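I have placed the structure first, in the form of structure tokens, so that the comments after it can refer back to it.
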Amino acid sequence: MKYIDFKNIDINDENFNNQDLKIAGNIIKSGGLVLFPTETVYGLGANGLDSSAVKKIYLAKGRSSDNPLILHISDMDMLNEIATNISTIEHKLINAFWPGPFTLILTRTSIVPDIVTAGLDTVGIRMPSNKIANKLISYAGVPIAAPSANISGKPSGTNISDIFYELSNNVDCIIDGGSSEVGLESTVVRVIDGIPTILRPGKVTPEEIRKITKSVKIDEHIFSKFSSNEKVLSPGMKYRHYAPNSKCVLVYSENNSLLVNKILELSNKYNNPLILATTENISSYTDKNLLTINIGHKDNLNEIAKNIFTSLRQVDKLNPDIVFIEGVKQEGLGLAIMNRLIRACEYNYISI
Ligand code: AMP
Ligand code: MG
């Protein structure tokens, strides 16, 4: 297994040596698996046009075969090979949000293997802005199929040390690019009847999309469970995801002292509770000798997004009886944070 350490390298530097990335690109082209950084979370990548390479992703993750993968591209030529019938509104979204944390569901061409799309006639496509990801894809010369780098069901990987033990045995190359800039997966959008519909919230917010297209919808399943007979627009949303081993409860109130008091009251009933708390509230819990993890400042949703998956992974190391997580307002990036937290808590949500 090849390990490439890009943690302290300035990839924008003109003297930057691309040799290692060329090797990684070749590993992809020849059917291997590469763990690589993107601006959202780490990806577990393979040649997206090679069915047997893509199969290795499903095996390494233990991912259900009906959960399609996103194809990552480095330029618009790659887009035209894998997608067709792109509408004016879809072009507008592409121009506004690529490269960046935005995935568009488009009609696929026949070159895209069934295993990538789980048999659907659409394909999820994204052009990452992370320079390492972009160069890796262009050296590979093919779209890279890459889901988040984690065993299915676990929180997505946002730094190599969090995921090294669960994935390193099954990959041919690891590119360490430090901590992910955004920390949450991309916003997934499909244009339905001319209206961009958010199937998974992410860094690109509904408000930002509305500015471009005048209209936006949010799929109702972002905060609710699927019933077994429903038609699923985004298969990934129906699976257990992000959940630590311990039971987690998400608690939210607009009123901060109500929120803290509720968590203190609930924590009292357990021997070994753990609280994922905002920086401002930590001392209210530590004063009572409660165990905490700091998820970032209340008003800095970028910071909370960046910390949330690694915090959920820390939970398993501490092995508490129960975890209480402070929620944030479901607005802007808060929509994506709460979507991941509600699922981490398996819909145990108290709103007061
Ligand atoms: P991951 O790469 O693990 O972050 O998950 C990719 C997400 O994109 C999952 O929720 C998938 O269900 C969704 N997705 C990928 N391709 C499609 C598609 N063709 N149609 C709808 N959703 C998709
Ligand atoms: Mg994932």
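Note that the coordinates shown come from a computational prediction; the quantities given were computed from them, not determined experimentally. Whatever order the structure lists them in is the order used to number ligands and atoms, beginning at 1.
Close contacts of ligand 1 with S148, meaning ligand atoms under 4.0 Å from a residue heavy atom, involve 1 (P), 2 (O), 3 (O). Counting the atoms of ligand 1 from 1 in the order shown, those under 4.0 Å from a heavy atom of N67 are 9 (C), 11 (C), 12 (O). Within ligand 1, the atoms closer than 4.0 Å to a non-hydrogen atom of T122 are 18 (C), 19 (N), 20 (N), numbered from 1 in the order shown. Using a 4.0 Å cut-off to heavy atoms of R200, the atoms of ligand 1 that qualify are 1 (P), 4 (O), 5 (O), 6 (C), 7 (C). Interface atoms of ligand 1 facing L120, defined by a heavy-atom separation under 4.0 Å, are 18 (C), 19 (N), 20 (N).
When non-hydrogen atoms are compared, ligand 1 lies under 4.0 Å from neither the backbone nor the side chain of V41.
At least one heavy atom of R63 sits less than 4.0 Å from an atom of ligand 1. Taking 4.0 Å as the cut-off, T117 does not count as a neighbour of ligand 1 on heavy-atom distance.
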- Task: Verify salt bridge (Lys or Arg N to Asp or Glu O under 4.0 Å) between K262 and E265, making sure each step is shown before the conclusion.
- Result: CA-CA 5 Å; K262 186 72 186 175; E265 175 202 318; 3.7 Å; yes
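With hydrogens and angles ignored, the 3.5 Å screen pairs a side-chain donor or acceptor of T38 with a backbone N or O of V41.
Rounding to the nearest 0.5 Å places NZ of K247 at 11.5 Å from CG of D321.
Among all heavy-atom pairs drawn from H72 and P128, the shortest one is CD2-CG, 3.8 Å.
Contact annotation: N150 places no N, O or S atom under 2.8 Å from the Mg ion (ligand 2).
A donor-acceptor pair shorter than 3.5 Å cannot be found between the side chains of S138 and S74. Between the side chains of N294 and T292, no donor-acceptor pair is found at a separation under 3.5 Å.
Residue contacts with ligand 1: K61 is placed with no nitrogen or oxygen under 3.5 Å of a nitrogen or oxygen of the ligand (distance criterion only).
Among the candidates N302, T40, T187, the single residue satisfying the side chain to side chain donor-acceptor pair (under 3.5 Å) test with K203 is N302.
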